[in-house]
K.L.:
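Take this structure first; my questions come after.
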Number of protein chains: 2
Amino acid sequence: MEFKEAKNKFVQTWGALGSQWGINKTMAQIHALLMVSSEPVSMEDIMEELQISRGNASMNLRALMDWGIVYKEYKAGERREFFTAEKDLDELAVKISRERSKREIKPALKVLKEVSSIEANATAEEKHFVEQTTKLYDFVLKADNVLDKITEYKDNWLTKLVIKIMK
Amino acid sequence: MEFKEAKNKFVQTWGALGSQWGINKTMAQIHALLMVSSEPVSMEDIMEELQISRGNASMNLRALMDWGIVYKEYKAGERREFFTAEKDLDELAVKISRERSKREIKPALKVLKEVSSIEANATAEEKHFVEQTTKLYDFVLKADNVLDKITEYKDNWLTKLVIKIMK
DNA sequence: ATAAACTTTCATTTTTTTTTGAAAGTTTAA
DNA sequence: TTAAACTTTCAAAAAAAAATGAAAGTTTAT
């Protein structure tokens with residue numbers, strides 16, 4: 001396999017993986033492209049390489065920056081903007097995890113708390129509902145906290161976690 | 001909030017959360033419905049409660065069973081099939097994690113290994129590509145293994161993990 | 001202040017994903 | 001073996017999500 005082929009395969013795979021995890025394909029592809037680029041890349045080049053429109057590139061780059069995993073860079077004497085991805089994988093995982101927690105898990109927790117707090121009247125159905133949603137609330141809260149703790153280790157959190165688990 | 005309202009809110013929220021994580025909305029809603037039902041539910045009732053077609057119900061129930069998180073049940077003297085969800089949350093999380101690893105992470109790892117193994121010729125770009133994809137391969141492999149180890153604790157793995165991390 | 005060189009926005013179009021529903025298939029009881 | 005009571009399948013329709021591209025907006029150099 002030659003470089004161009006490998007790069008393309010990587011970008012396609014990363015895009016497909018993104019889709020399966022609720023991230024739009026192009027967004028994941030742009031991220032993949034930036035991840036393996038040693039130099040900052042211009043919007044023009046992203047459009048060219050992924051064969052996408054200007055609008056699409058612009059919107060997805062904005063989204064990636066909102067996630068905090070892609071940065072704008074300015075080159076001296078160049079009017080154009082260039083983009084780079086967060087390349088430190090520990091940091092990348094921490095940011096994605098924080099963002100998903102904030103956007104998706106926290107709001108879900110709020111709802112779980114609400115619905116598990118209803119007056120459970122006589123019926124077995126209602127009792128079971130309250131019991132099950134309460135368990136779910138506790139579980140999700142605990143998982144969210146664990147993730148938070150783990151990623152707080154900062155440098156090399158994954159390796160540190162491996163060590164903790166092993167011993 | 002009364003029971004019916006709470007139940008509906010829970011089902012809707014679980015459905016929306018599913019979408020954000022790449023699981024089709026109806027599939028997540030059916031799962032939510034079964035999670036909080038104390039008794040097995042017939043396909044007819046699922047269709048009625050979620051206002052979906054027979055085909056949709058059938059296909060998504062099949063998918064949930066393929067994931068191993070919903071079971072068919074037969075009631076004595078009843079021709080119809082009934083469905084229940086895995087209600088143990090530890091077990092549920094383990095199954096989802098195993099399944100996503102098998103379906104999505106493992107194939108992605110295979111590609112990462114492939115593309116990181118190309119002959120890195122002279123250019124800095126190629127060198128960076130190999131370096132970055134190799135790091136990514138190591139990271140994803142390690143994360144996948146950690147998840148596997150954690151869920152191996154079986155009963156109460158999440159609580160056990162909390163304890164390990166805290167001390 | 002002007003205009004060139006860019007980027008962003010968003011109504012419209014395209015693509016992808018999901019849902020429908022009717023026909024085909026299966027199981028059970030008589 | 002027949003037929004009633006179910007479930008599954010899948011081509012077509014509908015809905016949802018993503019992409020386009022041109023107009024509007026912004027920035028910078030002169």
Side-chain angles (χ1 to χ4, degrees), chain A residues 11-34 40-67 70-84 100 103-104, chain B residues 11-34 40-67 70-84 100 103-104:
Chain A
V11 170
Q12 295 306 320
T13 303
W14 209 238
L17 199 63
S19 297
Q20 290 170 319
W21 288 80
I23 286 142
N24 129 12
K25 192 185 70 182
T26 303
M27 188 170 152
Q29 286 182 344
I30 294 177
H31 182 248
L33 187 64
L34 296 180
V41 184
S42 70
M43 201 155 93
E44 207 71 38
D45 286 348
I46 292 171
M47 288 163 58
E48 166 66 25
E49 228 173 314
L50 301 179
Q51 288 293 303
I52 58 174
S53 70
R54 192 171 292 287
N56 196 5
S58 174
M59 288 174 85
N60 283 112
L61 280 166
R62 149 78 32 229
L64 284 163
M65 289 188 291
D66 289 347
W67 276 73
V70 160
Y71 315 114
K72 257 188 195 165
E73 292 212 355
Y74 299 94
K75 282 193 186 172
E78 280 263 26
R79 178 83 138 265
R80 290 179 298 168
E81 298 171 340
F82 290 81
F83 302 88
T84 1
R100 292 206 95 145
R103 296 182 192 201
E104 297 151 17
Chain B
V11 169
Q12 295 306 320
T13 304
W14 209 239
L17 199 63
S19 298
Q20 290 171 318
W21 288 80
I23 285 140
N24 126 12
K25 193 184 69 182
T26 302
M27 187 169 153
Q29 286 182 343
I30 294 176
H31 182 248
L33 188 63
L34 296 178
V41 184
S42 70
M43 200 153 92
E44 208 70 39
D45 287 348
I46 292 171
M47 287 163 59
E48 166 66 24
E49 242 186 292
L50 301 180
Q51 289 294 303
I52 57 172
S53 71
R54 192 171 292 287
N56 198 4
S58 175
M59 287 174 85
N60 282 114
L61 280 166
R62 150 80 31 227
L64 284 163
M65 290 188 291
D66 288 347
W67 276 73
V70 160
Y71 315 114
K72 257 188 194 166
E73 291 211 354
Y74 298 94
K75 282 193 184 172
E78 281 262 26
R79 178 81 138 273
R80 291 178 299 169
E81 297 171 341
F82 291 81
F83 301 88
T84 1
R100 292 206 94 146
R103 297 181 193 203
E104 296 149 17

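Order of the sequence lines sets the chain letters (A, B, ...), proteins ahead of strands, with each chain counted from 1. None of these values were measured; they are calculated from a predicted model.
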K.L.:
Can you give the first and last nucleotides of DNA chain C, 5' to 3', that have an atom under 4.0 Å from a heavy atom of chain B?
P.N.:
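Using the under 4.0 Å cut-off, the span is C/dT18 to C/dT28.
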
K.L.:
What heavy-atom pair brings B/K25 and B/S19 nearest, and what distance separates the two atoms?
P.N.:
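What the structure gives for the nearest pair is CB-OG, 3.6 Å.
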
K.L.:
If I take atom CD from residue A/E44 and atom CD1 from residue A/I46, how far apart are they, to the nearest 0.5 angstrom?
P.N.:
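The distance works out to 10.5 Å.
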
K.L.:
Give the minimum heavy-atom separation between B/G15 and B/Q29, together with the two atoms involved.
P.N.:
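Heavy-atom minimum between the residues: CA-CG, 3.8 Å.
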
K.L.:
Ignoring hydrogens, what is the shortest heavy-atom contact between B/A57 and B/M47? Give both atom names and the distance.
P.N.:
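Minimum heavy-atom contact is CB-CG, 3.9 Å.
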
K.L.:
For each nucleotide in nucleotides 17-22 of chain D, reading 5' to 3', give B when a protein heavy atom comes within less than 4.0 Å of its base, S when such contact involves only the sugar-phosphate, and - otherwise.
P.N.:
-SSBB-

K.L.:
How close do A/D66 and A/R103 get, counting heavy atoms only, and between which atoms?
P.N.:
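Looking at all heavy atoms of both residues, the closest pair is O-NH2, 3.7 Å.
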
K.L.:
Starting at CD1 of A/I30, measure out to CG of A/L50 and round the result to the nearest 0.5 Å.
P.N.:
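So the gap between those two atoms works out to 6.0 Å.
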
K.L.:
Which heavy atom of B/F82 sits nearest to which heavy atom of B/P40, and what is that distance?
P.N.:
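In terms of heavy atoms, the two residues are closest at CB-CB, 3.5 Å.
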
K.L.:
Base, sugar-phosphate, or nothing: which does A/R79 touch, judged by heavy atoms less than 4.0 Å apart?
P.N.:
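Touches a base.
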
K.L.:
So, for B/N24 and B/T26, which heavy atoms are closest and what is the spacing to 0.1 Å?
P.N.:
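Answer, listing the atom of B/N24 first, then B/T26: OD1-N, 2.8 Å.
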
